[in-house]
Structures are given as C-alpha cells and as structure tokens.
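Here is the structure we will look at.
All values below were derived from every heavy atom in this structure, side-chain atoms included, with hydrogens, water molecules and symmetry-related copies excluded. Proteins get letters first, then strands, A, B, ... in listed order; numbering begins at 1 in each.
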Amino acid sequence: MSHFDSVDPKVDFVAKEEEILKWWDDNDIPARYRALNDDKEKKFSFIDGPITANNAMGVHHAWGRTYKDLFLRFRNMQGYKQRFQNGFDGQGLWIEVEVEKEMGFKSKRDIEAFGVGKFVEECRKRVDRFAERIADQSKRLGYFMDWDNSYHTKSDENNYTIWHFLKTCADKGWIYKGRDVMPWCPRCGTGLSQHEIVTEGYQDITHDSPYLKFPLIDKGHEGENLLVWTTTPWTLAANVAAAVNPEYTYAKVEDRGSIIYFSKSLFESLKKDHVLTDEAKLIDEVKGSELVGLRYKAPFDELPAQDEVRDQHRVLAWDEVGEDEGTGIVHTAPGAGAEDFKLGNENGLTPIAPLDQNGIYIEGFGEFTGKSAADVKDMVFDSLKEKGLLVRVNKYTHRYPVCWRCSTELVFRLVDEWFINMDEIRPKMEKATKEMNWYPEFGKARELDWLKNMQDWMISKKRYYGLALPIYACDCGHFEVLGSQEELKERAVEGWDEFEASGASPHRPWIDGVKIACSECGETVDRVQDVGNAWLDAGIVPFSTIGYQSDPEYWKEWFPADWISESFPGQFRNWFYSLIVMAAVLEDSLPARNVFAYALMRDENGAEMHKSKGNAIWFEEAADKMGVDVMRWTYSRHNPASNLNFGYKTGDEVRRQFVIPLWNIYSFFTTYANLDNWTPADCTIPSSFGFTVDGDTNAYEALIMSTDEGFSELDRWILSELNQLIAKMTDNLESWQLPYAAEAVEQFVEDLSNWYVRRSRRRFWKTEGDKDKNAAYSTLYTCLTTLSRLLAPFTPFIADMMYRNLVAERVQHAPDSVHLTSWPKSNTSLIDEDVMNQTRLAIKLASLGRSARAQSRLKVRQPLGEFVAEVRHDWEHLALAKIENVLKEELNVKSIVNASEIGGLLGFEIKPNLRILGPKYGKQIGEIRNALQAADADEIARAVEADETISIEGFELASNEVLIERVALEGYAVATDAGYAGAVLTVVSEELKAEGTAREVVRVIQNLRKTSGLEISDRINLLISCSEDVTSALMTHVNYIVEETLTDNIDIGVVLSDHGISVASTETIQLDDENKVIVALEKV
RNA sequence: GGGCCUGUAGCUCAGCCGGUUAGAGCGCUACUCUGAUAAAGUAGAGGUCGGAAGUUCGAGUCUUCCCAGGCCCA
C-alpha cells in the first residue's frame, strides 16, 4: 500500500480535532462503536448521573464526562456490552431560578401572575434547549454516547416511577406530614434546604441586637429579671421560653435600680459593651440549674397570639447555651428558630408561627400584623422601651444566612412538610453502602457517617416545576399516596379528562385539576400543592431508565449498575444518598457496585471557580484554545481524590510534556518510513490487533524476537516495556486507578522518545535497507500502533489520527477507526525483567556521565578516555559489562571501567573545623592543617565515623573537630545520585582532541547544510580553512568527515581567498584561543 | 462536640506491600546537544517528610497522642 500521510510536526491540534469529528460523523463511527459488542454476553452497566440541563458546560463538567467516556471506552474495547445512555436532569428549583432570571421575575407572585402553566412550559423549553447544547458540547469532547436516547428526569416514566417508590414507602407507613422550622426566603416565598444555605448562603451582616429584661414573676423573685439578648428582634413577639445552661454560674446583679441575672463570666464584657453601667453590683451567684423552672412575663404577652403560651413562659435547661456572647440566657421562640423548635418539642412547648410565606406577620400580632418581619425592628424597640424592658441596643456583625438567589435575609418559618421516615430504611442503606466499592475508599466512611446522622428525608418543596407529589391529604386527616397514572385515573372523580387532554404529564398545574375521593370519608380531595425534592428525580434513574416497570427482564440484566461516577463533595447527601435510599426501599439492594468520585475543580492558582469571579472557564472556549485531547489528558493524569487546579497554563504544560513528544515520535516515524518506502507489509512483528490479516491471530503471542531478524536488545527492551505497559494499564483501569495508568503511558512515551528513538536514530538514517533497519521500523511501528489503541479511551482524537494513518488506511481488513479496535493484550513472554533493569541502569549511568561531563565543561562531542561507573548491586556489576557499548556511545568515551576495580571513585579530604579549632589552638592551626593533609585520610575518616579521638603529630582531635569531604579522584569529574556515581577522566590526549575537532567540524557542516536549505540527501563539496596543526588533526579523520556530511570533494587547509570562490555558505568555528576554522560548502 | 480528609522542595503534587542515600513537574539561573526543533538534555540547588512518642532489624509509609488547615454533621 501507499506511503503514510506525512505528519507535520507543527500540527494545529484543534483544527485536526474538528476534522476527526467530521470524519467520525460522516463514517458513523460512534454508532458503529456502540454496536461493537451487541452480540456479547458480558455486560458493563453504567448508570449516568444526570447533568443539570440548565446552562452550557464548563470545563468542570468536561472533567466528569471525561471519566465517564474513558471507562466506557475501555470496557467497550474489552468487549463488554453497554447501554451508553446519557442523562439530563431537568426538574427542580435550579431550573426555575434560571427561568425567573430570564423572565425578570422577582418573586413567586410574578410567577403566579404570569401563569404557572406558562412558567412550567418555559422551564421545559429551557431544559430542552440546554440538553441539546450540552449534547453538542459533549460530542466535541469526544464523548461517544447514544445521544438520541438520553433520558430526562422530567419524563413521565421517571416521574411515575417515583410515584411507585413513594407509594411503596406509604404502604409501609413511612410517609408522614411533619412540621418543622426551616430557613425561608420571604421574597421568593419558599423554604431553602440546609444544603442550599451551606454552599453559598452566608453573608456578614450587622444587626441591631437588643439586650432586654424578662421580669420574673415567681414569689420571692419579684423585681428580678432575666437579661436576654437576641439578634432577631422580630422573633420576640413569638417568645415562649428562656434557656440557661444548668452548668454555668449566673450572676445576680443590681444595676440601674433593677436586679438582673446573666452568666457570671460575661460580667466584664457586658460592662465593656455598655450593657451594664460601671456601678453594676454583684449581689449573689446561682447555678444555672437553680434558675430552671422560674416563670417570667414575656415582652409581648399582651398579643392575642400569646394566649396559648402565656402560662408556658419559664426557664429551661439547655446545654447548648454558650457564654461566648450574649448573656448566657437564650430567648426561645420555637415557631421562629430551628434550634428553638427542637428545644420546644423536647419541653412540650407550643410553637407560635408569626409569619406567612411572604414574611408578613399573621393575625394576632397586634400592631405587627400585616408588617414585614424585616420592618418591625424599631416598633419592637419602642414597645420595649415603653414597657421599661429595653436595656441596650448594640450593633452586632455575624455571618447570617441569606437567599442564594436574591441575597434577602432569611427568616425561620414553621411549615408543614412531607417526610419519609428513615428509621427502617437506614439499616438497609448502611448494609448497601458497605457492600459498595468506593473510590476513593474513604467515600464509604463519608457516606456511612452521613447515614448515621441523617434525619427523616424532607421530600416536599413549595414550588411549581418539579415532580408532582402524588399525595392527597383530606381535611378529615386521612391522606393517601398514589403509585401510578393508572391508579390516578381509577381514583379520579374530577378533572381526569382535562388532564388526559393536556398530555397526562404529571406536572403542575395540569395534574392539580385531578381530584380523588377520600377513601375514609368520601370527600373530594386535592393533590397537595407541593412538588418533590429534586434528588428524588435523580435517585430513581437506576429504575426508571432501564425499564423497572415497563420491562422487568431487561431491568434485571442491567441492575445494579457496575459503575457510577460523580463529583463527591455534595453527592454523599444528594445523588449517592438518594440512589441508595431508592434501591434499599424498592429492592433491598445496592444501586451500584462501584462508585467513582472526584473532587472539585479550582483555577490555576487554586482558587474556587466562580462565574461571578470571572475565573470559571466555559467548555467551548477551552476546547477552542487548548484542544480537548490536552484537556482530557490533564484530567486523566490527575488524582481524582484531590482538587484539580485547571487552566491554560496547565494545559500548555501537558501539551508540551506529553502530547508534543508523542506527536514528534509519530512524525519522526512517518518521515523516515516514507523516505525508505517502508510500509506495514514490511513489518516483521505480527499485528496484535483484534482482527485477522492472515488468519493467524496467535502470531503476536508466539513472537520471538530473534537477532536473525535484526532485532537488537534495544528493540527487545522497548517491546518489553510496551507489554508491561499494557499489563499495567489494564490492571489499573480495571481497578479504577486512573492516574497510575496515565503515569505509566507518560513514562513509556518518555522512554520511547528519549532512549529508544534517540538511540535508534542511526538505524533509520542509514541508506542500506537491511534487517536491522527493518527491525527498528517494525518495533517503532508496533509501539506507535499499540499506543494509539492504549490512548484511544484517553485522547480519542490523537489516537485516531495516528491509527488511521498508520493502520486503517494502510492495512487491509483493519477496522476504520481505533475506536472499533479491541484493547491490546499483553504478551507476557516478551516482558524481560533483565533487559529492562539493564537499560534502566544504562539510562541512569548515562545521565550521571553527562552530568560529570557538564561539570568539567567537556562537551559530549569531545571523546574522552574513560568513564568510571560505581554501582550498588551485584547484578549491576554484571550488567555493566553488557551495557558497555551503549555507555561508550552515549558518553563518547573509549572505555568503561567498573569503579570496584580501581578501589572506588571518591576519596576523603580532611579539613580542620576552624570554628572549633581556631579559638582553641590559635596559631597552631597551620600545623594542624598540614598534619591533616599529610595523614591517611581514609584512616581519619574511619576514626571520625567511629567517634574516636584522632591522634596526630601530638594533637588530640575530637571527631567533631575535623570536617570530612568526599572528593573526586584526581583527574576525574564525578557526579553522584542515590549511591550511584559516574566519573569521566578529564585528561584529553592529542589523539582524542583531534577526534573532537573532527566531530566539531562535522557538527558545523551539518548545521550549515541545514541553514543553506540542502536536502538530507544532497551531496556537497567542502573547503576547510585552518592552521597546520588542525589540518593534520582533521586529515586523520577525513573519511569520517566525508561520510557524515555526504561530501564528494574535500579540501582541507586551504586559504579560502586563494581559491577566489564565491561560496555563499561559510561558517567560522573558534576552537580555542589560537585556532579557528572556516568551513565553506557548495551543493554538487 | 462527632466524623472524614489533608499536611513531603518556593509552588502543585507523586511516593501504590514498611526496605538502599525521599522523587516529578513548574518557576529561577547557567550550560549542553540538536537533520524529532511549538524540541530535548544537564547542572545549581533547595527537605527537622506538621510535632512527639511507640511498634520494627528498618518508618514519609503502621499505631497513639498533639498541632494546623479543609470538608461534612451537630
């Protein structure tokens, strides 16, 4: 077949990726890839965690999707049947928020005015729009999924399967209506989950915080008061109790004519804050427990809303009361604070809920009724002042929760919500969690910790666009949960026809028209207005998307998932949690066998990425700038358990260190193969591919790399490394240890580039086409084609570029794309530990040798007499003999010496420790110095080592009074590393110098050829002008010069001007101070 | 207060089963090599491996405690 396409070393990777995308599309590669294992038995079940179809992708989405694509590709190449289903999450508050922004809505009232139906339609449209956008972007990433069959959490099947789940819970009696105090945004008119607040919902806010008195009313305490502090004055009207820490000591103090109690430890700070005057006088001390039970008059006892609780006002014991701030006595309003509510429950208090959903006081709160909680602060203070209860108002700055959408300060509201009781589910969930494999491993402990602490699951949300909770609560107190569309139809007494006409999608507002009859009292019942928690939508997908209800046989084949993957910080209490709940309830099973989780993306400097901060990177921008292979490799080589600092600089680094070197090898190979007309048909290494060229699929396994075929030790080495690489990558990918797999490839490419190719270059350059050359081509070809398959899951574009040029378009019957090939199998018989160790040693010693040369400033092209190597292990002494020739070439030396044969490379030099000896001996230092120099350094070193006293010329020196240095033997330059050492003899003989000169001249001529624009094969005539000494030196190496530079006629020692030639290409070399050489060349 | 994670070079991080004298990349400077050139190589370095104690022939690695930071829960 034909030549390889020539490979431009200066490739535009982004443009190439676009070409490949188009080619994949034109040739239906993704579909053919997905169909590859349709007839296979073994399955790999991946269940996608749905991506929220709410915005375009950022690079952090590309990170997670790279993992998904990578492992799916790996399993596909291994021959596992898969489903390739992507998922979109498209219900819930996130979507509503974006649509509200889009439409310029400020609150729920705007939505109601616009029309819930139209609003929900807008939400759906947004989801569809961004689902399409994300699909396109994912394709650009090289993500091969079945894009026409993505699932949507907003689908009817998804929603109705959740109904089935809820009904199952209800049948067990786990669903209940509860009251709770929850953070609430009065502007948006909705509750926020704890999670929504934790992520970005706190701001530093300064509040007017009053100190006030609660007058005690028990006999014997008349005229005494509790001193109370609050940061939320609007809650005082809902006060029911006060709390003290029973362990604390409380001070009874007289100040400004009244008696007050507060925590004694706060005495001074209250004075400092001017809550107390300087005249405040300590009268007595009491234990907190002695205050417990005392009754008091609440500040707004006159309000009708207080009727029910007026006789409940008393002091409670609560060990959560702190004494860092405030007064050590806590105002408790169970209807307006989460912790208060809990404490109230424990003590049988009646909560008073003062606010409606817009944060306005309801009836029964006198002058506050109809006012917003945010506006009553001054009315509260005035009223307190009037009653003589206000002591002081201070400014107080603290972190206070705000709405993450509109920054409105949150209030706490007592509301009805629907819950799933987790008591009976928890043990099943714990069991499932323990059975699952977590990567990283600590994920299991995290999840178990969350399960231990989790409370009942609040599944309702007072919004519009989401799962319509199938709960029908009758005024008679009975409620029912419906489990399917059929059940709804059966039970409907009103509105079914209209609902069906609307498409029977279980969404507000259409579903709300359907009413059923209460099975207890027969009354007509509405669906509760709430929609479902969004994690219900995502948690059900291992059931809804694989036909749990519609095709149970199919479902059984694919459940539980073999693998799921998502970013972990939030998912322990979100997706992972809801998956586990649902699998536990419906099947008492684990939802997935392997959970792969990864951390957070940061910007290049380690700062959190935020759209508002401007350091977030959109996927498209990054794809255009750095290319997706570079992006994918950056992700693949990273340890998923730690945060990834990502940016264009890291991208450049990855490109420079991995992608370009790989490309350069590929470019090098095609350049020379084409020059030599080498084609895959000439390859003497059988293909290891999963297709048959000549009917012999076992040929690769049976390969013996014989020297008769020209294979050298270098070839055997790199193929050994290659097969070990295959084994390592397979192991690591099968155990989800991605970075190890990636590191192994990087090391291999480095070895291939900087040792195999470099050491083999001459084999490719030489003109004759012998077995040695063919072995080199065959070996490098095998490395590159195997690499293309190993890299296919990681960098699908560059892998296919290489594969198509090297294989698909050159070899008959080869699959069209690397993505239609199988995963390489390691031929373990080619793995040769000895040759790998030996080569590793050679690489190490060569590096030491170059280092030694660098120290002595002797260029590699100057030949040197000998290289002395110091090694550590027995086998290395033997290996040294075998790598002798390699080292001679690498280091350009005439001989290799084992340091053990000359008694080691390093000697000791003993010096006086002047800092100690100076003050002690003064002028005698000179004598000591001389004595030390004359003495046996080895003997002193031994003595120092043993901490013995050194007796020398009448001086008794302690071991710390001398300094020992290791020095190179005379005439050598030494480099050491981890117990290995290499040294070059730095004495240059005339003969060696002549050879060095010849090589220097050749180098300059080669440069000149290049800069003169000559082809590699052009022949030249050469004139060299130099002194007599240099002339004779060059003459001894004239054959070498002529051969290396393809010279037909050479003239050395001429004076150029005498020739009078007009040679355009000349160059001057300054050999040393005296000698300079001028070379001139012309094309023949 | 409880749980989990992290702490190794100036920065970002490896160090997978406890095994020689702890590594890489980046950054800085200098040098070398070069018909792979958007290259490549080498050197200068730089470290009480957060601290202490313990187990062990041997600890960055295991155990305990402490310190600091992060996350989650309360």
Side-chain angles (χ1 to χ4, degrees), chain A residues 7-13 194-195 198-199 319-320 322 338-339 342 440-455 568-570 572-573 599-600 602 604-606 637-639 641-646 649-650 652-672 675 728 731-732 735 737 739-740 743 746-747 750 753-755 757-758 760-761 764-765 846-855 857-862 872-873 890 892 975-980 999 1003 1005-1011 1014-1018 1044-1046:
Chain A
V7 175
D8 189 351
K10 298 184 185 185
V11 64
D12 176 350
F13 287 111
Q194 198 65 35
H195 176 232
V198 166
T199 39
D319 52 17
E320 298 286 311
E339 290 175 327
K342 214 177 127 207
E441 280 177 47
F442 66 78
K444 181 180 285 185
R446 274 285 178 92
E447 190 64 47
L448 286 172
D449 182 54
W450 164 250
L451 294 183
K452 201 173 68 198
N453 290 308
M454 70 171 179
Q455 294 163 2
F568 60 42
F572 291 107
R573 56 182 195 284
L600 292 174
R602 299 284 170 82
E604 232 147 26
N605 305 313
R637 68 196 297 280
H638 180 74
N639 173 7
S642 59
N643 291 337
L644 168 61
N645 295 355
F646 182 86
K649 259 177 20 202
T650 50
D652 288 343
E653 212 174 287
V654 164
R655 184 183 306 102
R656 195 160 53 77
Q657 294 197 338
F658 177 67
V659 179
I660 288 179
L662 173 67
W663 192 261
N664 282 341
I665 301 168
Y666 167 53
S667 171
F668 173 89
F669 171 81
T670 51
T671 304
Y672 285 95
L675 219 54
K728 255 191 216 171
D731 281 354
N732 284 319
S735 54
Q737 301 297 330
Y740 293 145
E743 267 164 37
E746 287 191 350
Q747 184 59 52
E750 154 100 19
S753 170
N754 289 330
W755 196 259
V757 173
R758 195 169 54 74
S760 300
R761 258 186 296 198
F764 296 101
W765 288 345
S847 157
L848 283 171
R850 277 192 294 268
S851 168
R853 270 183 169 277
Q855 280 173 38
R857 307 203 159 259
L858 290 163
K859 297 174 182 182
V860 174
R861 73 177 89 84
Q862 173 59 59
R872 304 178 48 174
H873 300 289
E890 278 294 309
N892 194 16
T976 58
D977 177 44
Y980 295 84
R999 289 182 69 136
R1003 183 186 71 87
I1005 295 166
Q1006 300 289 32
N1007 260 349
L1008 203 51
R1009 288 177 56 104
K1010 191 171 154 194
T1011 52
L1014 268 60
E1015 292 298 317
I1016 293 172
S1017 53
D1018 286 341
E1044 285 293 314
T1045 58
L1046 300 185

Worksheet item: Would you say A/N639 reaches B/A14's phosphate, i.e. side-chain N/O to OP1/OP2 under 4.0 Å?
Response: yes

Worksheet item: Could you give the CD-to-P distance, from A/E447 to B/C73, as a whole number of Å?
Response: 12 Å

Fill in: Atom of A/E604, atom of A/N645 and distance for their closest heavy-atom approach
O-CB, 4.0 Å

Discussion item. Looking at B/U56, which nucleotide sits across from it as a Watson-Crick or G-U wobble partner, both distances under 3.5 angstrom, or is there none?
Written reply: none

Fill in: Rounded P spacing from B/G51 to B/A59 in Å
15 Å

Discussion item. I'd like the P distance from B/U63 over to B/U6, given in whole Å.
Written reply: 12 Å

Discussion item. Quiz question: going by heavy-atom distance under 3.5 Å, is there a donor-acceptor pair between the base of B/A36 and the side chain of A/S753?
Written reply: yes

Discussion item. Whole angstroms only, please: what is the CD-P distance between A/E750 and B/A39?
Written reply: 16 Å

Fill in: Strand partner of B/C65, provided both Watson-Crick or wobble distances fall under 3.5 Å
B/G51

Discussion item. Need one value for A/W663: base, sugar-phosphate or nothing, where a base atom within 4.0 Å counts as base even if backbone is also close, heavy atoms only.
Written reply: nothing

Response to the item:
B/C4 -> Watson-Crick or G-U wobble partner, both distances under 3.5 Å, gives B/G70

Item to complete: May I ask you to say what A/T671 touches in the nucleic acid, namely base, sugar-phosphate or nothing, with a heavy-atom cut-off under 4.0 Å?
Response: nothing

Worksheet entry | Integer-rounded Å distance: B/G41 P and A/Q657 CD | 9 Å

Item to complete: Select one nucleotide: of B/U37, B/C4, B/G3, the one nearest the side-chain heavy atoms of A/D449.
Response: B/G3

Fill in: Interatomic distance where CD1 belongs to A/I660 and C1' belongs to B/G41 [whole Å]
17 Å

Worksheet entry | A/S642 vs A/D12, nearer the 5' end of RNA chain B by closest nucleotide | A/S642

Worksheet item: Rounded to the nearest 0.5 Å, how far does CZ of A/F572 lie from CG of A/D449?
Response: 10.5 Å

Worksheet entry | Pairwise C1' distance, B/C66 and B/C13 [rounded to whole Å] | 26 Å

Worksheet item: Expressed as a whole number of Å, how far does the P atom of B/U61 sit from that of B/U48?
Response: 16 Å

Discussion item. Classify A/Y672 by what it touches in the nucleic acid, base, sugar-phosphate, or nothing, heavy-atom distance under 4.0 Å.
Written reply: sugar-phosphate

Worksheet entry | A/F668-A/F764 aromatic ring centre distance below 6.0 Å | yes

Fill in: A/S667 backbone acceptor or donor facing A/T671 side chain under 3.5 Å
yes

Discussion item. Using the C1' atom as the point on both nucleotides, what is the distance between B/C49 and B/G3, in whole Å?
Written reply: 26 Å

Worksheet item: Between A/K728 and A/D731, is there a salt bridge with N-O shorter than 4.0 Å?
Response: no

Worksheet, complete the sentence: Considering only heavy side-chain atoms of A/Y740, the closest of B/C16, B/C73, B/G3 is B/C16

Discussion item. Quick check on B/C71: is either OP1 or OP2 less than 4.0 Å from any side-chain nitrogen or oxygen of A/R446?
Written reply: no

Practice prompt. Could you check how far CZ of A/R655 sits from P of B/A40, rounded to whole Å?
Written response: 13 Å

Worksheet entry | Whole angstrom value for the distance that separates P of B/C4 from CG of A/N453 | 12 Å

Response to the item:
By the Watson-Crick or G-U definition, both distances under 3.5 Å, B/G41 is matched with B/C31

Item to complete: Can you tell me, in whole Å, how much space there is between the P of B/C33 and that of B/U42?
Response: 15 Å

Worksheet item: Are A/E447 and A/R573 close enough for a salt bridge, meaning some N to O gap below 4.0 Å?
Response: no

Response to the item:
Here the distance between atom P of B/C33 and atom CZ of A/R758, to the nearest Å, is 14 Å

Worksheet item: Pick one for B/C17: is it syn, with its angle within 90° of 0, or anti?
Response: syn

Discussion item. Measuring from the side chain of A/R656 (C-beta onward, heavy atoms only), which nucleotide among B/C13, B/A36, B/A40 has the closest atom?
Written reply: B/A40

Discussion item. Starting the side chain at C-beta, find the nucleotide from B/U42, B/A40, B/C4 nearest to A/S847.
Written reply: B/U42

Worksheet item: Of the nucleotides B/A39, B/C4, B/C73, which one has an atom closest to the side chain of A/A445?
Response: B/C4

Fill in: Closest non-hydrogen atom pair, A/V7 against A/T670
CG2-OG1, 3.3 Å

Fill in: C1' gap between B/A24 and B/G47, integer Å
15 Å

Worksheet item: Considering only the P atoms, how many Å lie between B/G41 and B/C57, rounded to the nearest integer?
Response: 44 Å

Worksheet entry | Nearest-nucleotide 5' precedence on RNA chain B, A/N754 against A/R761 | A/R761

Discussion item. Check the phosphate of B/C73 against A/Q455, side-chain N and O only, distance under 4.0 Å to OP1 or OP2. Yes or no?
Written reply: no

Discussion item. Of the listed nucleotides (B/C26, B/G41, B/C4), which one gets closest to any side-chain atom of A/E653?
Written reply: B/C26

Fill in: Side chain of A/R850 (C-beta onward), nearest among B/C16, B/A40, B/U42
B/U42

Fill in: Partner nucleotide of B/C11 by Watson-Crick or wobble geometry (both distances under 3.5 Å)
B/G25

Worksheet item: When the distance from CD of A/E743 to P of B/G23 is rounded to whole Å, what number comes out?
Response: 16 Å

Worksheet entry | Electrostatic pair A/R637:A/E746 at N-O distance under 4.0 angstrom | yes

